[in-house]
Amino acid sequence: MNWIAMAVGMVVPFFLMPYVVRTLGPAAYGVWILAVSTVAYLNLLDLGLRSAIVRFVSKAAAQGHSAEARDAIAAALWFRLLIACVSAVASIALALAFPHLFKIPATLQRSAQITVLMCALGVAVTLVSGVFGAVLAAINRFDVLSSITVMQTLARATGVILILRSGGGLISLACWELAVVSLSGVVTCGTALKIFPDSRIRLGRPNVATLKSMWSYSSAMFLIMIAGQIIFSTDNLVIGSFLSVGLVSFYSFGGSLTVYSSQVVTALSTTFIPLASGMEASGRTEDLKKLLLRGTQATLGLVLPIGITLLFRGKTFIGLWVGKQYSEISGTVLQILLISLFFTIANNTAGNITFATGKHKAVAKVAMIEAALNLGLSIFLVKTVGIYGVAWGTSISMALIHIIFWPAYVQKTIGVSIRTYIWDGWLKVTLCSLPFAAASLAVDRYVHASSMLSFFLQIFVTLPIYFICVASIFRTEAMNVFHRWQVSRAVKTEAAL
């Protein structure tokens, strides 16, 4: 079900975006992107509690400590309700200030304010319902979370199409977004209460000791969240402040493709957190090391053919997707941001394991350094290189931190040597993509794709090159997986008989 949710989460926005841009226009769409990017900072009021809930509840469930699970959920819900109220009040101030922060046309300022207000109230709702979403993640019910995500995505898309076809604009879209988020929150809460009885808690004054323990864990996550918000959401704000609202649309097309690519990994890697937490709780150190290497290979292996295609054929793809007027600028932004995508995915599994095992305090400090470097470079380069400078600020800062910090930290905390991590985790699977990269470059140069259908057919024809290379380099691992599958199938057959 995770993969279905991932597919829906990628395909629906992919086909919906060009329609929204054509209907709203670049300026109004740029306002929407700015509103969403600005409101995203309210998620920082979570203070890292979601990860703490997953960590504490998954560990308590693995050890059979129901009381500890209830205390953690009660403390988190009490605190989340408090900060949701703060978020609702902050949304009003944010809506009033919004037109003064960015270069928004006078005709769109009122719509922009209401859009920001509705989106911000949606964050307040999510802060409360997110407690129960974290509970479902902690007990490995990603199938349920995926089902809710699919319904939310389809409902959002259906409403957007109907609203735009009937002549609605930014305000109607923002109101629909709030309605969808609220309904999804109710479903998430109800499902968690039904599946996990320990989440049926009495709301009252939280256990102080539990709250302190959770804050000890989540404080570092809070710093990581701040850094992540700066790294991934500030680019659009810098462009809106220093350049124009219209250019935000150009940047968002390139940026959104890297987001879609990372979603492929998210569907897989989110399952690593409770899995690693359980391994750490039972002292299975060697299994953690295997999870790190196999998880890194799997996540990179999934995203590399996508990234290679976008690197060499991204401009062609964007021209077919949203229009030739966007292909050069958005395509160049995409090529630059793919550097940051590679390193994000390369260390994604390591990051999830450090979060699951509570070894993320050093990560928080380094993330803040990366965020400061990212923002500083983006502001400096936007004045000299323009829109491309913002993308370079993100990729340069991310590459430096991920190369210098993560391999050494993996060796220190998980016990996998730098050489093993880089060679087995990063380079072996990356080498598999080189023949496919050459084929993609040749096809884009000599065989012109006149439609999205022909573009994807070309990928379908060249993709076996990548699979053959992966199978040849990882033949031992593939055979081991096949043998385990055969044994498992034989056991199930005998049990059935």
Side-chain angles (χ1 to χ4, degrees), residues 9 13 16 20 24 28-50 53 76-102 104 108-134 145 148-149 151-160 162-164 168-192 203 222 225-226 228-229 232-234 236-237 240 245 248 252:
L16 188 62
V20 175
L24 289 179
Y29 184 74
V31 169
W32 175 262
I33 296 297
L34 277 178
V36 173
S37 299
T38 303
V39 165
Y41 279 85
L42 291 177
N43 285 308
L44 296 176
L45 292 173
D46 168 66
L47 303 180
L49 275 178
R50 188 185 192 282
I53 298 168
L77 182 59
W78 178 87
F79 200 74
R80 279 284 190 96
L81 284 168
L82 179 63
I83 59 179
C85 294
V86 174
S87 176
V89 174
S91 65
I92 300 173
L94 188 60
L96 294 173
F98 191 72
H100 305 288
L101 299 174
F102 306 104
I104 298 174
L108 292 173
Q109 289 186 1
R110 180 176 175 275
S111 297
Q113 288 180 313
I114 298 176
T115 298
V116 169
L117 180 62
M118 294 295 103
C119 291
L121 290 176
V123 172
V125 172
T126 303
L127 286 171
V128 178
S129 63
V131 172
F132 298 95
L145 288 171
I148 295 173
T149 300
M151 291 188 293
Q152 182 176 345
T153 302
L154 295 177
R156 179 184 288 115
T158 302
V160 167
L162 294 176
I163 288 169
L164 293 179
L170 285 174
I171 296 176
S172 299
L173 290 177
C175 291
W176 177 244
E177 177 66 19
L178 176 59
V180 171
V181 168
S182 300
L183 180 59
S184 176
V186 171
V187 173
T188 301
C189 294
T191 305
L203 190 61
F222 177 47
M225 287 176 60
I226 294 175
Q229 204 66 49
F232 296 108
S233 297
T234 304
N236 290 321
L237 306 187
V245 172
V248 173
S252 70

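The structure displayed is predicted, hence computed values, not measured ones.
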Note to self: If we check side-chain contact (heavy atoms from CB on, under 4.5 Å) with Ser184, which of these qualifies: Thr188, Val187, Val181?
What the structure shows: Thr188

Notebook entry, point to check: Rounded to the nearest 0.5 Å, how far apart are SG of Cys175 and CD1 of Ile114?
Noted result: 7.5 Å

Notebook entry, point to check: Between Val160 and Val20, is any pair of side-chain heavy atoms under 4.5 Å apart?
Noted result: yes

Check: At what distance, to the nearest 0.5 angstrom, does CG of Leu127 lie from CD1 of Ile83?
Finding: 5.0 Å

Check: Under a 4.5 Å cut-off applied to non-hydrogen side-chain atoms, are Leu173 and Leu24 in contact?
Finding: yes

Item checked: Residue pair Ser87 / Leu42: nearest heavy atoms and the distance that separates them -> OG-CD1, 3.9 Å

Next item on the list: Measure the spacing between OG1 of Thr38 and CZ of Phe102 and express it to the nearest 0.5 Å.
Entry: 3.5 Å

Note to self: If we check side-chain contact (heavy atoms from CB on, under 4.5 Å) with Val31, which of these qualifies: Val245, Val248, Val36?
What the structure shows: Val245

Please set out all donor-acceptor pairs under 3.5 angstrom arising from side-chain atoms of residues 90-99, sequence neighbours excluded.
from  : atom 1 : to    : atom 2 : distance (Å)
Ser91 : OG     : Ala88 : O      : 2.4

Margin query: When you compare the side chain of Phe132 with that of Leu77, does any pair of heavy atoms fall below 4.5 Å?
Written below: yes

Notebook entry, point to check: Going through the distances and angles, do Val125 and Leu121 end up as a side chain to side chain contact (heavy atoms under 4.5 Å, CB included)?
Noted result: CA-CA 6 Å; Val125 172; Leu121 290 176; 5.8 Å; no

Check: Can you name the closest pair of heavy atoms from Ser252 and Tyr29 and give their distance?
Finding: OG-CE2, 3.6 Å

Check: What's the shortest heavy-atom distance between Ile104 and Ala112, and which atoms?
Finding: CD1-CB, 4.2 Å

Notebook entry, point to check: Is there side-chain contact between Trp32 and Ser111, with heavy atoms separated by less than 4.5 Å?
Noted result: no

Checklist line | Least distance between heavy atoms, Ala35 atom then Thr115 atom | finding: CB-CG2, 3.9 Å

Note to self: Could you check whether any side-chain heavy atom of Arg110 comes within less than 4.5 Å of a side-chain heavy atom of Ile171, counting everything from C-beta outward?
What the structure shows: yes

Note to self: Any heavy-atom pair between the side chains of Thr153 and Thr149 that's under 4.5 Å?
What the structure shows: yes

Check: Of all heavy-atom pairs between Thr126 and Arg80, which one has the smallest distance, and what is that distance?
Finding: O-NH1, 3.9 Å

